[in-house]
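Each chain gets a letter, A, B and so on, in the order the sequences are listed, and its residues count up from 1.
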2 protein chains.
Amino acid sequence: MSDTGFDAVLGAMADPTRRALLDALAARGQASASALASDLPVSRQAIVKHLAVLEEAGLVSSARAGREVRYTLRSQALDATARWMSALAGDWDRRLDTIKRAAENTENND
Amino acid sequence: MSDTGFDAVLGAMADPTRRALLDALAARGQASASALASDLPVSRQAIVKHLAVLEEAGLVSSARAGREVRYTLRSQALDATARWMSALAGDWDRRLDTIKRAAENTENND
DNA sequence: CTCTTGTGCAACTCTGTGGTTGCAGCTGAG
DNA sequence: CTCAGCTGCAACCACAGAGTTGCACAAGAG
């Protein structure tokens with residue numbers, strides 16, 4: 001229940017460079033690893049690795065275009081994770097509320 | 001804009017042990033580090049470190065109760081991050097749409 | 001055909017950090 | 001007062017992964 005790929009998204013989003021990469025990709029809309037490498041202060045190889053992680057998490061998708069590989073953002077995984085987090089937050093509230101009531105009851109009923 | 005503590009939340013949530021810890025805390029509603037240590041297969045010290053990270057991210061709060069420290073879940077930071085992610089997903093969609101239209105225009109207008 | 005450019009693979013370094021153990025210091029319980 | 005339990009600090013180990021460099025290969029441009 002707590003693992004339909006959300007952990008992959010979380011792990012991917014946790015890295016600053018990766019978020020910057022997503023930003024750069026959002027700005028370009030579509031770009032190759034080499035192009036993105038010129039936006040960030042890291043080597044092309046590092047970019048490639050990050051893109052692999054992001055693709056694994058479903059945050060980007062790749063498509064070969066001639067001799068280069070174009071990467072595109074995929075919002076669905078991000079959106080799904082957002083919903084999951086929101087639901088989790090709600091769950092916490094619910095549980096805490098339940099426990100708080102129980103505590104008050106015990107306190108009163110003892 | 002992309003950094004009001006969201007990165008801290010992301011970083012905190014990215015760790016499996018930390019998520020398990022949050023789960024355990026959700027189940028208990030409130031617990032000390034020692035108590036939580038009995039729920040997870042790691043030492044108390046590891047728990048303490050994780051709790052520190054979680055507190056730094058605003059996901060839990062601590063309160064001294066006599067000789068022990070009680071930790072409680074804080075849903076707001078999680079919820080805020082969820083909203084941020086959702087907004088980001090929307091932003092991606094918007095940008096991609098814009099770029100796609102531009103591309104079609106160029107294609108048509110050339 | 002040749003040159004250029006982008007990709008893919010592999011080996012390697014090094015910092016961050018998750019995890020451990022040990023010990024000292026408080027503080028409530030008896 | 002004394003004991004037990006929980007916290008806090010510090011040193012230390014080990015692995016993951018972020019980043020690099022180097023080279024070989026594929027494919028459009030001239």
Side-chain angles (χ1 to χ4, degrees), chain A residues 2-3 5-25 27-72 110, chain B residues 2-3 5-25 28-72 107 110:
Chain A
S2 52
D3 210 314
F6 298 134
D7 61 327
V9 175
L10 264 331
M13 296 287 295
D15 186 86
T17 305
R18 228 124 57 193
R19 286 201 302 275
L21 185 53
L22 291 173
D23 265 8
L25 197 50
R28 291 176 177 262
Q30 190 170 36
S32 68
S34 298
L36 290 167
S38 68
D39 286 347
L40 302 185
V42 293
S43 72
R44 187 197 107 243
Q45 286 304 327
I47 301 283
V48 171
K49 286 189 190 177
H50 283 307
L51 285 170
V53 174
L54 291 171
E55 186 165 22
E56 180 69 27
L59 291 170
V60 306
S61 66
S62 64
R64 183 137 226 147
R67 69 177 162 183
E68 58 182 60
V69 178
R70 300 281 177 71
Y71 289 87
T72 321
D110 185 23
Chain B
S2 50
D3 212 313
F6 298 134
D7 61 326
V9 175
L10 263 332
M13 294 288 295
D15 186 85
T17 305
R18 229 125 55 195
R19 286 201 301 276
L21 185 52
L22 291 172
D23 265 8
L25 197 50
R28 291 177 176 260
Q30 190 171 37
S32 67
S34 298
L36 291 166
S38 68
D39 285 349
L40 301 185
V42 294
S43 72
R44 187 197 105 243
Q45 286 303 326
I47 301 282
V48 171
K49 287 188 189 176
H50 283 308
L51 284 170
V53 174
L54 291 171
E55 185 165 24
E56 180 70 27
L59 291 171
V60 305
S61 66
S62 64
R64 183 136 225 148
R67 69 179 159 182
E68 60 182 59
V69 178
R70 300 279 177 73
Y71 290 87
T72 321
E107 202 175 299
D110 184 26

Nearest whole Å is fine: how far is [N] [atom2] from [X] [atom1]?
X       : N      : atom1 : atom2 : answer
B:Arg70 : D:dG5  : CZ    : C1'   : 14 Å
A:Ile47 : C:dG6  : CD1   : C1'   : 14 Å
A:Leu36 : C:dT7  : CG    : P     : 9 Å
B:Glu56 : C:dT17 : CD    : P     : 12 Å
A:Leu54 : D:dG17 : CG    : C1'   : 14 Å
A:Leu51 : C:dT7  : CG    : P     : 10 Å
A:Met13 : D:dG17 : CE    : C1'   : 19 Å
B:Glu55 : D:dT7  : CD    : C1'   : 14 Å

- Item | Nearest-nucleotide comparison on DNA chain D, the residue closer to the 5′ end among A:Arg67 and A:Val53 | A:Val53

Look at [X] and [N] and indicate whether a side-chain polar atom (N or O) is within less than 4.0 Å of OP1 or OP2.
X       : N      : result
B:Ser34 : D:dG5  : no
A:Arg18 : D:dA18 : yes
A:Arg64 : C:dG8  : yes
A:His50 : D:dG17 : no
A:Ser43 : D:dT21 : no

Within the structure provided, determine whether [X] and [Y] are in side-chain contact (heavy-atom separation under 4.5 Å).
X       : Y       : result
A:Leu22 : A:Val60 : yes
B:His50 : B:Leu40 : no
A:Arg18 : A:Leu59 : no
B:Arg44 : B:Val48 : yes

- Query: So what does B:Gln45 touch, heavy atoms closer than 4.0 Å: a base, only the sugar-phosphate, or nothing?
  - Reply: base

- Item | Donor-acceptor pair present, B:Arg44 side chain and C:dG19 base, under 3.5 Å | no

- Message: With hydrogens left out and only the distance checked, is there a donor-acceptor pair under 3.5 Å joining A:Lys49's side chain and the base of D:dG17?
- Response: no

- In A:Leu25, A:Leu54, A:Leu21, the residue satisfying side chain to side chain contact (heavy atoms under 4.5 Å, CB included) with A:Tyr71 is A:Leu25

